[in-house]
Protein chains: 2
Amino acid sequence: MNNVFKALADPHRRELLDLLYKENGQTLGDLCKCMSMSRQGVAKHLALLEVAQLVVVVWQGREKLHYLNPVPIQQIHDRWIGKFEGERLQALETLRKALDDQNDA
Amino acid sequence: MNNVFKALADPHRRELLDLLYKENGQTLGDLCKCMSMSRQGVAKHLALLEVAQLVVVVWQGREKLHYLNPVPIQQIHDRWIGKFEGERLQALETLRKALDDQNDA
DNA sequence: TTGACATGCAACCATATGGTTGCATAATGA
DNA sequence: TCATTATGCAACCATATGGTTGCATGTCAA
């Protein structure tokens, strides 16, 4: 799970996910055309996305096709964001009250 | 938005959010008791959470109370995760087919 | 007023991170 | 076969990051 958060921390990697979202199954070369960075730079980012299992690769001859795997993102939502979401209104209310108290003092 | 992703990337910072989730409005000192790290180390992490607006502070005398702000997390869900969620089943199906093709070849 | 407490600021350090270049390997197609 | 194409691996570099320590500042309470 930590790998997923770390992988999502870099804007270039989120951009790669966006590119695969627009068109799934792209090769490294395809993705490089959209990124202003060396091929090896892009490959490194993709490697981290693979470790986090946000991207799954399928070899086809000498081409490496990259596919989006939505499962880890779903898990982040279910196990982590959903938790905060549930108490969202209460947290906001607590915060509002604390700010009010501060203004009174 | 990038600040939020970066803030969430570190496990210690996610732990701090968890601590505030359990008990909102804690001071730096309170939070330090639960973290095996120097006070300044914790303060640095909290500073990043503040920049990302995941945590909002309220001064009360010499004490700094930390409150969870659920808004950025909600935004990540709405603007980012929700997007991938929508196409989740389709992405999985595309991936499954690609893996099948690989096995055939 | 003064000592203790809660926090901030700044310097410093080791390691992680993001990027590059150069060369190696393997598949394709003429 | 052989040039081309697609990718991998490794070394290297600059900067970011996560942590520390030491000292400064401001507030509380006796």
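The sequence lines fix the lettering, A, B, ..., with proteins before strands; numbering per chain opens at 1.
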Within this structure, what is the CZ-to-P distance between B/Arg39 and C/dA4, rounded to whole angstrom? 17 Å
Where each residue is assigned the nucleotide of DNA chain D containing its nearest heavy atom, which of A/Lys44 and A/Leu65 is assigned the position nearer the 5′ end? A/Leu65
Separation of D/dG8 C1' from A/Glu63 CD (nearest whole Å): 15 Å
Assign B/Gly41 to base, sugar-phosphate, or nothing according to its heavy-atom contacts below 4.0 angstrom with the strands shown. base
For C/dG18, does the base pair up with any side-chain atom of A/Gln40 as donor and acceptor (N or O, under 3.5 Å, distance only)? no
On DNA chain C, more 5' by nearest nucleotide between A/Gly61 and A/Val42 is A/Val42
Atom-pair distance (NZ on A/Lys64; C1' on C/dA27), nearest Å: 15 Å
Looking at B/Pro72, is its backbone amide N or carbonyl O close enough to the side chain of B/Gln53 to form a donor-acceptor pair, meaning the two atoms are under 3.5 Å apart? no
Going by side-chain hydrogen bond (donor to acceptor under 3.5 Å, both in side chains), name the residues that satisfy it together with B/Glu50, two or more places apart in sequence or in a different chain. B/Lys64
Quick one: does A/Asn24's side chain have a donor or acceptor within less than 3.5 Å of a partner on B/Leu95's backbone? no
Taking the axis from the first five pairs and the axis from the last five, what angle separates them in the helix from C/dT1-D/dA30 to C/dA30-D/dT1, rounded to 10 degrees? 20°
Using modelled atom types only, decide if a donor and an acceptor are shared between the side chain of A/Arg13 and the backbone of A/Leu8 within a distance under 3.5 Å. no
Give a yes or no answer on whether the side chain of A/Asp100 reaches the backbone of A/Lys97 with a donor-acceptor pair at less than 3.5 Å. no
Per B/Ser38 side chain, nearest of listed nucleotides C/dG8, D/dT20, D/dG19: D/dT20
Can you check side chain to side chain contact (heavy atoms under 4.5 Å, CB included) on A/Leu68 and B/Thr94, steps first, answer last? CA-CA 9 Å; A/Leu68 208 58; B/Thr94 306; over 6 Å; no
Here the distance between atom P of C/dA6 and atom CH2 of B/Trp59, to the nearest Å, is 12 Å
Does the distance from a Lys or Arg side-chain N to an Asp or Glu carboxylate O, for A/Asp18 and B/Lys83, drop under 4.0 Å? yes
I need the residues from residues 1-37 of chain A with at least one non-hydrogen atom less than 4.0 Å from DNA chain D; give them sorted by number, or say none. A/Thr27, A/Leu28, A/Gly29
So which heavy atom on B/Leu19 is nearest to which on B/Cys34, and how close? CD1-CB, 3.7 Å
Look at the side chain of A/Asn69 and the backbone N and O of A/Val56, then say whether any donor-acceptor pair between them is shorter than 3.5 Å. no
Once hydrogens and angles are ignored, does a donor-acceptor distance under 3.5 Å link the base of D/dT5 to the side chain of A/Arg62? yes
